[in-house]
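All remarks here apply to the structure that follows.
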Amino acid sequence: TGKTIAEKVVRYMEEKLRTKTALAEKLRLKNATLKSQIQKLEGQLQQKEDMGEVLHVIDFDQLKIENQQYLEKIEERNNELLRLKLTTGNTVQARLARCLCE
């Protein structure tokens, strides 16, 4: 019985070690991937800076204004779509009621 318990403890510890090793390997790979992505993005940023494509505050403000305008257009179109859906629903109900009455 003492040997059986000891074997169970050893198996448990070995399984824990395998789990921790697998996790460490997974995290190592993820770390390597993230480092690679950072290098790639830094290279892209450097390239844009070299080409003068860095956004200035004025450019950013202009983009914010354009974004707000597009959001307003989207809101208007969503309202129009809702109105058309309601109209369609009312029309369908009216035709259905007319068909049922006939």
Legend entry - Worked check of side chain to side chain donor-acceptor pair (under 3.5 Å) between Gln62 and Glu66: CA-CA 6 Å; Gln62 180 62 33; Glu66 288 176 10; 3.2 Å; yes
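Residues Thr21 and Leu17 are in side-chain contact: their nearest non-hydrogen atoms beyond the backbone lie under 4.5 Å apart. Gln37 places a side-chain heavy atom less than 4.5 Å from the side chain of Leu34. At a threshold of 4.5 Å between non-hydrogen side-chain atoms, the residues Lys16 and Tyr12 count as touching.
Scored by the side chain to side chain contact (heavy atoms under 4.5 Å, CB included) test, Arg28 finds Glu25 as partners (sequence neighbours excluded). Scanning for side chain to side chain contact (heavy atoms under 4.5 Å, CB included) contacts around Gln68 gives Leu71, Glu72, with sequence neighbours left out. For the side chain to side chain contact (heavy atoms under 4.5 Å, CB included) test, no residue two or more places apart in sequence or in another chain qualifies with Ser36.
Considering CD1 of Ile38 and OG1 of Thr33, their distance stands at 11.0 Å, rounded to 0.5 Å. Note: Leu81 CG to Thr88 OG1 = 9.0 Å, rounded to the nearest 0.5 Å. Residue Asn78 holds its CG atom at 6.0 Å from CD of Glu75, rounded to the nearest 0.5 Å. A distance of 12.0 Å separates CG of Leu96 from OG1 of Thr91, quoted to the nearest 0.5 Å. Atom CD of Gln39 is separated from atom CD of Gln46 by 13.5 Å, given to the nearest 0.5 angstrom.
Within 6.0 Å of CZ on Arg18 lie more than 12 heavy atoms contributed by other residues, nucleotides or ligands.
Taking the charged nitrogens against the carboxylate oxygens, Arg83 and Glu80 do have a contact shorter than 4.0 Å, which makes a salt bridge.
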